[in-house]
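Labels below follow one simple rule: chain letters A, B, ... track the order of the sequence lines, proteins then strands, and each chain is numbered from 1.
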2 protein chains.
Amino acid sequence: MADLTAPAATDQKPASGDRAARQDEPIWDIIELLFFAYRDFVTEADDVLAKFGFGRAHHRVLHFVNRNPGMKVAELLDILKITKQSLGRVLKQLVDQGYVIQKEGANDRRQRLLYVTAKGESLAMKLAGLQTARVAHALSELGPNAHEAARRFLVAIVDADNREGVLRFIARADRARRQRS
Amino acid sequence: MADLTAPAATDQKPASGDRAARQDEPIWDIIELLFFAYRDFVTEADDVLAKFGFGRAHHRVLHFVNRNPGMKVAELLDILKITKQSLGRVLKQLVDQGYVIQKEGANDRRQRLLYVTAKGESLAMKLAGLQTARVAHALSELGPNAHEAARRFLVAIVDADNREGVLRFIARADRARRQRS
DNA sequence: CGAAATATGTCAACATGGCTGACCTAACTG
DNA sequence: CAGTTAGGTCAGCCATGTTGACATATTTCG
């Protein structure tokens with residue numbers, strides 16, 4: 001099993017299971033599985049969105065507004081990491097078609113705080129339900145702490161610079177949601 | 001800290017750690033982390049590609065051809081799940097600029113088997129190196145079996161229909177690579 | 001052998017969703 | 001009041017996905 005032709009000094013532990021990770025060899029499996037998993041993760045939602053005349057960009061906006069009602073446009077731009085022109089295009093359609101509404105900020109009247117309508121929430125929850133079913137099914141095939149393991153792995157893949165913001169967003173949205181329910 | 005206003009009847013086991021997963025509540029954290037993780041996972045490579053005048057689509061083609069030298073066009077289409085017209089556009093550029101070459105199949109002369117050139121391999125390995133660094137760093141922050149846990153989670157997210165094919169692809173490419181080295 | 005199936009390539013047109021650059025209004029802040 | 005900030009908008013470009021139609025070479029099968 002050990003590669004006897006390798007210089008002894010570079011001897012290396014097996015990384016996981018029986019897959020030996022040779023020195024400097026890319027971590028092919030995770031790289032590729034991120035592609036395959038993400039590809040399949042989004043397609044189901046895409047199919048539903050297509051029936052509404054929406055695309056993936058609409059989904060993202062709707063998702064994050066639903067998760068964080070009253071969020072500012074600037075916050076949404078920061079999460080999506082796109083330009084306000086790109087956001088404007090899809091946001092306008094969501095507003096025009098009654099999925100999202102904008103309310104003037106109470107303190108700062110320049111702000112247009114974003115909220116989903118009942119219709120918007122319904123679609124957002126439907127899409128979240130599809131993705132949840134996939135994730136729940138996946139986690140159910142794995143061990144009892146698979147959720148925590150997956151969460152920690154994904155957080156560690158996020159840019160160090162963004163990590164704090166991402167975790168803060170999730171925690172804040174969770175907290176707000178618990179209060180509402 | 002506990003939400004004392006919540007109705008007692010809906011009390012639910014904690015799913016993982018201290019995050020209570022209520023009945024029918026979407027698995028927000030994993031859904032969102034897949035978005036954030038994937039977003040950050042690809043941007044570094046995108047930046048390098050931009051300097052070469054390439055995009056994410058070129059990356060995928062180059063990556064999979066590098067991983068599976070001699071693969072058929074049809075196999076690549078099946079992996080990427082795009083149309084041959086979409087593939088054709090980027091493949092042509094990669095061939096014209098000397099990153100990929102096509103060889104007539106020995107058995108079936110209709111086939112155009114795909115190989116990376118030295119130049120193509122160099123770029124593919126550079127990009128894989130960037131992504132590997134991110135993954136390796138992430139895994140190093142986690143426990144010793146994090147690689148296996150991440151792998152199993154990602155495989156479980158893949159469509160059941162595709163799972164076998166994906167695993168076969170990875171195993172085949174790994175095997176071929178080991179033989180070459 | 002000849003017909004049909006297969007592997008691949010290509011043209012044209014279109015949709016989505018990124019981007020830059022320029023410019024605008026309304027409202028807040030010092 | 002001057003300058004900054006939050007947000008919107010117009011115009012145009014680019015990358016990458018789609019459909020549909022069709023062409024060419026090669027293999028396979030009756």
Test side chain to side chain contact (heavy atoms under 4.5 Å, CB included) on Gln131(A) and Leu34(B) and set out the steps. CA-CA 11 Å; Gln131(A) 297 192 318; Leu34(B) 275 165; over 6 Å; no
Same cluster or not: Val158(B) versus Val42(B), using hydrophobic residues (I, L, V, M, F, W, Y) connected whenever any side-chain heavy atoms lie under 4.5 Å apart?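 Per the 4.5 Å side-chain linkage, Val158(B) and Val42(B) are co-clustered.
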Do Met125(A) and Leu49(A) belong to the same hydrophobic cluster, where Ile, Leu, Val, Met, Phe, Trp and Tyr are linked whenever their side-chain heavy atoms lie under 4.5 Å apart, directly or via other members? no
Residues which pass ring-ring contact (aromatic ring centres under 6.0 Å, His included) with [X], listed by chain and number, not counting sequence neighbours:
X	answer
Phe153(A)	none
Phe35(B)	Phe64(A)
Tyr38(B)	Tyr38(A)
His63(B)	Trp28(A)

[X] [atom1] - [N] [atom2] separation (whole Å):
X	N	atom1	atom2	value
Leu91(B)	dA7(C)	CG	P	17 Å
Arg112(B)	dT6(C)	CZ	P	18 Å
Asp78(B)	dA7(C)	CG	P	12 Å
Leu113(B)	dG9(C)	CG	P	11 Å

With 3.5 Å as the limit, what N/O pairs link the protein to nucleotides 28-30 of chain C?
from    : atom 1 : to        : atom 2 : distance (Å)
dC28(C) : OP1    : Arg109(A) : N      : 2.8

With side chain to side chain contact (heavy atoms under 4.5 Å, CB included) as the test, pick out the partner of Met71(B) among Leu113(B), Asp78(B), Leu76(B). Leu76(B)
Dump the intermediate steps for side chain to side chain contact (heavy atoms under 4.5 Å, CB included) on Arg39(A) and Asp159(B), then the final yes or no. CA-CA 9 Å; Arg39(A) 183 195 67 183; Asp159(B) 262 6; over 6 Å; no
Dump the pairs, protein N or O against N or O of nucleotides 16-21 of chain C, anything under 3.5 Å, distances to one decimal.
from    : atom 1 : to       : atom 2 : distance (Å)
dG17(C) : OP1    : Arg56(A) : N      : 2.7
dG17(C) : OP1    : Ala57(A) : N      : 3.1
dG18(C) : OP1    : Arg60(A) : NH1    : 3.1
dG18(C) : N7     : Arg89(A) : NH2    : 2.4
dG18(C) : O6     : Arg89(A) : NH1    : 3.3
dG18(C) : O6     : Arg89(A) : NH2    : 3.4
dC19(C) : OP2    : Thr83(A) : N      : 2.7
dC19(C) : OP2    : Thr83(A) : OG1    : 3.1
dC19(C) : OP2    : Ser86(A) : OG     : 3.4
dG21(C) : O6     : Gln85(A) : NE2    : 2.8

Only counting residues at least two apart or in another chain, list the ones meeting salt bridge (charged side-chain N to carboxylate O under 4.0 Å, His left out) with Lys126(B).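 Per chain and number, Lys126(B) pairs via salt bridge (charged side-chain N to carboxylate O under 4.0 Å, His left out) with no residue.
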Counting only non-hydrogen atoms, which of residues 32-40 of chain A are less than 4.0 Å from DNA chain C? none
So which of residues 120-129 of chain A are in contact with DNA chain C, with a heavy-atom cut-off of under 4.0 Å? none
Just checking Glu75(A): base, sugar-phosphate only, or nothing, at a heavy-atom cut-off of under 4.0 Å? nothing
Salt bridge or not between Arg163(A) and Glu141(B)? Use side-chain N to carboxylate O under 4.0 Å. yes
Working for side chain to side chain contact (heavy atoms under 4.5 Å, CB included), residues Lys81(A) and Asn162(A): CA-CA 11 Å; Lys81(A) 302 246 192 274; Asn162(A) 297 140; 3.6 Å; yes
Could you pull out every donor-acceptor pair under 3.5 Å between side chains of residues 96-103 of chain B and any protein atom, sequence neighbours left out?
from     : atom 1 : to       : atom 2 : distance (Å)
Asp96(B) : OD2    : Lys92(B) : NZ     : 3.1

Test Ile27(B) against Asp29(B) for side chain to side chain contact (heavy atoms under 4.5 Å, CB included), laying out the working first. CA-CA 6 Å; Ile27(B) 304 177; Asp29(B) 62 346; 3.5 Å; yes
List for me each residue that meets side-chain hydrogen bond (donor to acceptor under 3.5 Å, both in side chains) alongside Arg109(B), sequence neighbours excluded, and say none if there are none. none
For chain B, the stretch of DNA chain D it reaches, first to last nucleotide, under 4.0 Å of its heavy atoms: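 Endpoints of the contacted stretch of DNA chain D: dT16(D) to dT27(D).
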